[in-house]
Protein chains: 2
Amino acid sequence: MSEPTQNDRLTAMVDRLKAGEYRMTPQRRAVLKVLAESRRHPTAEEIHEVVRADFPMTSLATIYKTVTLLKELGEIVELRVAGRCRYDGRNPAPHSHLFCVGCERVVDAEVKTVHAVTEGLARRTGYRIIGQRIDFLGVCPECQ
Amino acid sequence: MSEPTQNDRLTAMVDRLKAGEYRMTPQRRAVLKVLAESRRHPTAEEIHEVVRADFPMTSLATIYKTVTLLKELGEIVELRVAGRCRYDGRNPAPHSHLFCVGCERVVDAEVKTVHAVTEGLARRTGYRIIGQRIDFLGVCPECQ
DNA sequence: ATTGGTGCAAAGTATTTGCACACTT
DNA sequence: AAGTGTGCAAATACTTTGCACCAAT
């Protein structure tokens with residue numbers, strides 16, 4: 001059970017914002033909740049729809065402002081898939097994704113060698129590696 | 001010397017278009033040339049500027065139409081960096097990139113284990129893997 | 001002669017920003 | 001009370017598309 005639960009993530013993000021001089025509004029909390037819970041790597045639009053169920057007045061601009069903030073704080077990861085941004089708030093640590101060109105769903109991919117690869121690359125190139133984006137494109141079993 | 005030369009790439013792309021029912025216009029050839037030769041992973045805008053040196057009438061729309069075509073044919077790879085698309089025509093085989101957050105340049109990264117990682121992932125998940133995007137973010141030696 | 005390619009301009013998308021007001025602290 | 005966050009609308013940035021004309025085959 002080393003993986004953090006959804007609730008841990010929500011709490012972590014809330015605490016992180018409170019630690020800064022950031023305010024906790026109902027809309028913002030709702031966005032955090034979606035990001036902490038969703039396994040779908042939702043787009044801004046998708047987050048908006050879910051949040052709207054509870055807070056119908058919420059604007060898309062607010063979603064964007066919130067994800068931009070969380071991105072800067074390193075609490076969520078942005079990935080671009082098929083021309084749009086998707087957000088991963090469940091696991092802010094670097095990891096890789098598996099994207100199905102059929103259903104367009106994104107799931108996390110376990111690649112144990114990422115760390116080793118990054119280290120080797122840094123050694124060979126002299127770059128200071130600060131992040132990686134390792135996404136695989138494929139067709140999931142159901143779509144085949 | 002197993003790596004293809006720029007000229008090989010240009011010829012390969014030209015041949016590929018001719019093999020289809022595609023026409024070879026001066027503008028199109030100029031775009032192919034930039035893609036075959038540039039190590040900069042140029043944006044559409046950057047390709048446009050270079051092509052314009054020889055063919056000042058060339059429109060940005062033509063650049064986009066050509067890269068879209070080449071992308072569909074699998075002759076070039078599109079990568080999104082910092083919100084814009086860049087194109088890699090020198091090496092259409094899957095490989096990874098190193099992006100410097102300082103100078104925004106992109107270079108190819110040699111990662112020998114990619115194939116092994118992909119294979120393992122396919123075996124474990126049941127996905128048919130048809131592509132990968134392995135990009136590293138870092139600070140190059142000069143920018144550090 | 002055909003019909004695909006080009007340039008132009010307009011339309012689309014996705015995301016960001018300015019501003020007045022509301023709400024958290 | 002102070003000042004951040006919000007919603008709205010406009011702006012921005014990038015890419016795509018429609019159309020009439022041009023040119024490669």
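Proteins come first, then strands; the chains are lettered A, B, ... in the order of their sequence lines, and each starts at number 1. In this text, all values refer to a predicted model and were calculated from it rather than measured experimentally.
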For A/A44 and A/I63, work out which heavy atoms get closest and say how close. O-CG2, 3.7 Å

Atom CD1 of A/I47 and atom OH of A/Y64: how far apart are they, to the nearest 0.5 Å? 9.0 Å

Just wondering, do A/L35 and A/Y87 contact through their side chains at under 4.5 Å, heavy atoms? yes

Hey, what bend do you get for the helix from C/dA1-D/dT25 to C/dT25-D/dA1 if you fit axes on five pairs at each end, rounded to 10°? 40°

Contacting residues from residues 42-53 of chain A, given that a heavy atom lies under 4.0 angstrom of DNA chain C: none

Please collect all side chain to side chain donor-acceptor pair (under 3.5 Å) contacts where either partner lies in residues 22-35 of chain A, sequence neighbours excluded, each pair once. none

Measure the CZ-CG distance between A/R90 and A/L10 for me, rounded to the nearest 0.5 Å. 12.5 Å

I need the A/D88 CG to A/R40 CZ distance, nearest 0.5 Å. 13.5 Å

If you take any heavy atom closer than 4.0 Å to DNA chain C, which residues from residues 55-71 of chain B end up in contact? B/M57, B/T58, B/S59, B/A61, B/T62, B/K65

Could you tell me how far apart A/E78 (CD) and C/dT16 (C1') are, to the nearest whole angstrom? 13 Å

Which heavy atom in A/V67 sits nearest to a heavy atom in A/I76, and how many Å separate them? O-CD1, 3.6 Å

Decide yes or no for A/L32 and A/L17: does some side-chain heavy atom of the first lie under 4.5 Å from some side-chain heavy atom of the second? yes

Neighbours of DNA chain C within residues 22-30 of chain B, by heavy-atom distance under 4.0 Å: B/Y22, B/R23, B/T25, B/Q27, B/R28

Nearest 0.5 angstrom please: A/E49 CD to A/E46 CD, how far? 7.0 Å

Side chain to side chain donor-acceptor pair (under 3.5 Å) pairs, two or more places apart, involving residues 66-75 of chain A: A/R9-A/E75, A/R16-A/E75, A/K71-A/E78

Rounded to the nearest angstrom, tell me the gap between atom CG in A/L17 and atom P in C/dC23. 20 Å

Nearest-0.5 Å distance, CG of residue B/D15 to OG1 of residue B/T11: 6.5 Å

Which heavy atom in A/H41 sits nearest to a heavy atom in A/R86, and how many Å separate them? O-NH1, 2.8 Å

Can you tell me how far the CE atom of B/M24 sits from the CE atom of B/M13, to the nearest 0.5 Å? 10.0 Å

